[in-house]
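A short worksheet on the structure shown next.
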Number of protein chains: 2
Amino acid sequence: MTTEAEIYKALGDPIRLEIVKRLSSKRSCAIGELCQDLGISRQGARKQLQILVNANIASLNSVGRETKVALDIKSLQQAQRFISQLEKVWENRLLALKDFVEVVR
Amino acid sequence: MTTEAEIYKALGDPIRLEIVKRLSSKRSCAIGELCQDLGISRQGARKQLQILVNANIASLNSVGRETKVALDIKSLQQAQRFISQLEKVWENRLLALKDFVEVVR
DNA sequence: CAAACATGCAACCAAATGGTTGCATGTTTA
DNA sequence: TAAACATGCAACCATTTGGTTGCATGTTTG
């Protein structure tokens with residue numbers, strides 16, 4: 001399992017977020033290509049990628065001398081559920097406040 | 001401004017996430033109460049709270065000798081938008097795959 | 001087969017993080 | 001007013017993080 005905090009932590013770095021964005025527009029991609037032009041070394045980027053894999057946000061699949069990377073949507077859905085719950089709570093409060101204001105005036 | 005990565009980073013710690021959960025069920029709360037029973041010292045928890053404040057996830061308001069904490073929904077909405085975009089991309093892919101499978105068989 | 005390619009693994013390092021303690025300061029309350 | 005309360009600030013520490021480099025290994029390709 002992956003905890004909510006682990007998922008957010010994995011997304012909480014500009015380079016890792018960039019990797020996720022690239023993956024989201026590429027479906028599947030070799031590590032080498034994915035890790036190019038991120039401003040850090042290949043091995044540095046590879047370590048960041050591994051963090052996404054550990055958080056179940058990306059998954060790896062070895063094909064010949066390449067390793068393909070793909071996005072794993074389950075964790076992201078889990079993260080979104082949490083945030084939208086918070087939003088719902090907030091929305092209810094705003095509605096409650098609006099009611100209150102209308103009663104008072 | 002707060003970058004996406006900063007928001008996720010702020011949510012990416014179990015104690016900070018617990019603080020956010022408490023805030024979401026309490027509307028507004030004094031620092032002291034909010035930081036109780038988190039398993040770390042008051043000052044430790046206060047530092048974690050400050051990280052949420054810096055990420056514009058929580059806001060502070062001083063009243064007498066207390067400081068009230070409240071949730072700030074804007075950043076959370078921003079975070080959610082990003083995740084739901086990713087989900088949308090994924091959903092489209094699944095649909096495309098389904099079409100493909102149906103054509104082939 | 002040799003060279004080029006795609007990648008992995010490990011050691012290393014500076015900086016950031018997550019926590020602590022001690023003490024100072026303003027605010028209620030008995 | 002003195003004690004209790006709510007909080008802030010700063011120094012300090014161990015661990016994690018984010019990055020590097022060097023080298024090893026399996027895979028294509030000319």
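Chain A is the first sequence line, chain B the second, and so forth, proteins listed ahead of strands; every chain is numbered from 1.
- The distance between atom CG of B:L49 and atom P of D:dC9, rounded to the nearest whole Å, is 13 Å.
- Taking only side-chain atoms of A:R65, from C-beta outward, the nucleotide of D:dT7, D:dC5, C:dA4 with the closest atom is C:dA4.
- Here the C1' atom of nucleotide C:dT25 and the CD atom of B:E66 are 16 Å apart, to the nearest Å.
- For residues 39-48 of chain A, proximity to DNA chain C is found at A:R42, A:Q43, A:R46, defined as any non-hydrogen atom under 4.0 angstrom from a strand atom.
- Residues A:V69 and A:A58 come closest through the heavy atom pair CG1-CB, 4.1 Å.
- Nucleotide C:dA16 holds its P atom 18 Å from the CG atom of B:D13, rounded to whole Å.
- By the 4.0 Å N-to-carboxylate-O rule, B:K9 lies too far from B:E4 to be salt-bridged with it.
- B:E33 meets the side chain to side chain contact (heavy atoms under 4.5 Å, CB included) test with B:K26, B:C29; sequence neighbours excluded.
- The interatomic distance linking A:N61 (CG) with C:dA6 (P) rounds to 17 Å, in whole Å.
- Rounded to whole Å, atom C1' of D:dT16 lies 14 Å from atom CD1 of B:I51.
- Looking at residues two or more places apart in sequence or on another chain, you find no salt bridge (charged side-chain N to carboxylate O under 4.0 Å, His left out) involving A:E66.
- Counting only heavy atoms from C-beta outward, the side chains of B:I31 and B:T67 approach each other to under 4.5 Å.
- The nearest whole Å value for the distance from the CD atom in B:E18 to the C1' atom in C:dG18 is 17 Å.
- Looking at which nucleotide of DNA chain D each of A:I15 and A:V63 is closest to, the 5′-most match is held by A:I15.
- Atom C1' of nucleotide C:dA10 and atom CD of A:Q50 are separated by 15 Å, given to the nearest angstrom.
- Using N1 to N3 plus N6-O4 or O6-N4 for Watson-Crick, or N1-O2 and O6-N3 for G-U wobble, each under 3.5 Å, D:dG26 pairs with C:dC5.
- Residue A:R22 holds its CZ atom at 4.0 Å from CG of A:L38, rounded to the nearest 0.5 Å.
- OP1 or OP2 of D:dT17 has at least one side-chain nitrogen or oxygen of A:K9 nearer than 4.0 Å.
- Using modelled atom types, one finds a donor on one side chain and an acceptor on the other under 3.5 Å when comparing A:T2 with A:N56.
- Atom-to-atom, CG of B:L11 to P of C:dG18 comes out at 13 Å; the value is rounded to the nearest Å.
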